[in-house]
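Notes follow the structure.
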Amino acid sequence: MTDYSHGWTGRILHVDLSSSKSWVEPTADYADRFLGGKGINQAILLGTVPPGTGPFDPENRVIVGTGPLTGTLAPSCGRVTIGSMNAFNGGVAESNSGGHLGPEIKYAGFDHVVIHGRAERPVYLWIRDDHVALRDADEIWGATTWEAEEWIKRDVHEPHLHTALIGPAGANLVRGSAVIIDRGRAAGRGGIGAVMGSKNLKGLAVRGSGAVQVAHPDRFMRAVEAAWEALARSPKQNIMHAGGTHLDGTQGANRAGMMSVRNAQDAFWAQERIDRVDYPVYAERFEKRRLACFACPTFCSHVYALRGGPYGPLVTEGFQANTIWGFGARVDLADPEALIAIHARNSQLGLDNDFAAVAISWAIELFEHGLLTTADTDGLDLAWGDAEAVIELQRRIAHREGIGDLLAEGVMRAAQELGQGSDRFAVHVKGQECMDEIRTAVAWGFGVVLALKGGGHVEGSCNTEQDGTSDVQGQEWFGVPTLDPHSYAGKERMVYWFERYKQMLDSVGLCYFTGPIIDTGRRVGPLEIAELLSAAVGREYSADELLLYGRRAHNVQKAFNTLHAGFTRADDLPPRRFVEEPVKTGPHAGVQIDLDEWECMLDRYYQLHGWDPATSWPLPQTLEELGLSDVVDRLRAADKLGVSRA
Ligand code: SF4
């Protein structure tokens, strides 16, 4: 019998902003079925958000979740997951971040923090162990996240707290608003920053003085040492250690056709452009030091400093490949100093990198085609590679000024309002901006589009087609006949595997970068995590059982999307640009998505999941097998259950 006092703290904190009341609920009510982190977040969300709720209604929740391994000595266990209803589409929003906030919440004595309601005036939530208070945030409501963090430290006389805050973007309900963790980390996707803004909540500040107990300390430490050694032996992990995904995912990703160029007009960035913003340039000119999240040996992050120049002085946590993909290739901007400044401004303003990159590149392309002019932009010229225009658009979006007000709604809504065929260039999945290039590697692209949070490469996508894994290994691990990135054969099996794996990872509280997304063979995978978790909580888990937990969590989110967003099979199709326009240059020139192949793959994918291929909705027997009969009842009441496998 699990007692939920090892690994877990055993307590979920609820705070109602409307009534200023707080209470505690046992984690045990959820942990048996959902483990923690994302699993419990989404179970609470599905169980408590009534049908008919909109993302900015007080009945929506913001749920900050840690896992049973968060805050232990397991490698990369500093992760925290924030869940809510998606600001773009009313479906699932879920975003995972590193840093130190997750462990701090555990040390304060909580596994999750569930925020209900809406405050009458701006507040922030201050948690110091059992002391829970809503404090006035009028003075910092429009402040940047960096300014607000400094102010809060003074306000509560605590220099060592950790924060999750919104900036001006969240306060102004910009749909692509991020929650910024500890100044430089983002829970970016799904617009959860805007949901917090709608609740008049500037954010959370946490300081804890407790500890996380593990059930079998000797066994746990042996598992920790084995995991750290596995990471040290992995050549790919060592590349991550040397420079993060900026090193691992820039030049190689460009050759693999994984970087959309000029709003996805192409998928290969000119060599002389990418060379200017390659990691060695940053290591030599800007890197002050390397940085790690809590208890992580990979140290994949950096601190960059601009001492002068047009954007200095500025010291900021550096970026991963996403910034090079989004604000480098996507807007054809090859100025290394400007990219540091743009990255820092996203953190300060509280903007999601992927959202802002797509919205801005869409606007620049419209300008190129004459669909937007200076009459629409208050005189601002938009051109590819113009850093000043990008920075000005960031500011206008965050403050909803002029053209920024249109872009703040996201490209799907903005194109509907603008008309003139502008939707042809609006690259979104389920209404949320899609920054990822998806024409050139089938499993990667399929994973992006099928991501339940509305696109993104951190659910079912994998690098396995591009990272040198052999066909023999692909067959052995995933049952895929070939890892040729252009082949559709069996690729749904890889996506299905990574979906379950990532759900589980976000439920126990470990980082994606220490697992098979980086190194399929030598890494911390389900087997190693099962041993870490078993030793930590005092109950035996197998690798297969962990993937089952992942599948259960995935189905809970699928049910939320079905119930609240009304998504169907049509929402699992790729953005039209990737179907209608082939890649123009580079090793993948001529490649585009084959829609017939995609549809066949969807059939096979729904079959694997046990979902109805006609609607994509979960079948009742699938949910029953997963112990989710309560979810069956909810979907049946809304007449949204799948009917048949065939
Ligand atoms: S691998 Fe990188 S992002 Fe992940 S926990 Fe470690 S330092 Fe943080």
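Each ligand, and each atom within it, is numbered from 1 in the order the structure gives.
Thr70 contributes no side-chain N or O that, together with a main-chain N or O of Pro103, makes up a donor-acceptor pair within less than 3.5 Å. Of the possible donor and acceptor atoms, one in the side chain of Asn86 sits under 3.5 Å from a partner among the backbone N and O of Phe88. Side-chain atoms of Arg500 come within 3.5 Å of backbone atoms of Tyr496 as a donor-acceptor pair (strictly under, hydrogens ignored).
Looking at atom 2 (Fe) of ligand 1, its nearest protein heavy atom turns out to be Cys300 SG, 2.3 Å. In this structure, atom 6 (Fe) of ligand 1 lies nearest to the protein heavy atom Cys296 SG, 2.2 Å. In this structure, the protein non-hydrogen atom closest to atom 4 (Fe) of ligand 1 is Cys511 SG, 2.4 Å. Ranking the protein heavy atoms by distance from atom 7 (S) of ligand 1 puts Cys293 N, 3.4 Å first.
Side-chain polar atoms of Gln473 and Ser470 form a donor-acceptor pair below 3.5 angstrom. Between the side chains of His112 and Asn41, at least one donor-acceptor pair of N or O atoms lies under 3.5 Å.
The contact set between ligand 1 and Thr298, taken as ligand atoms under 4.0 Å from a residue heavy atom, comprises 1 (S). Atoms of ligand 1 lying under 4.0 Å from any heavy atom of Phe513, numbered from 1 in the order shown and given with element: 1 (S), 3 (S).
Close to ligand 1: Arg79, with a non-hydrogen atom less than 4.0 angstrom away. Distances from ligand 1 to the non-hydrogen atoms of Arg185 include at least one value under 4.0 Å.
Ionic pairing of Glu531 and Arg219 is present here: one or more N-O contacts between side-chain nitrogen and carboxylate oxygen are shorter than 4.0 angstrom.
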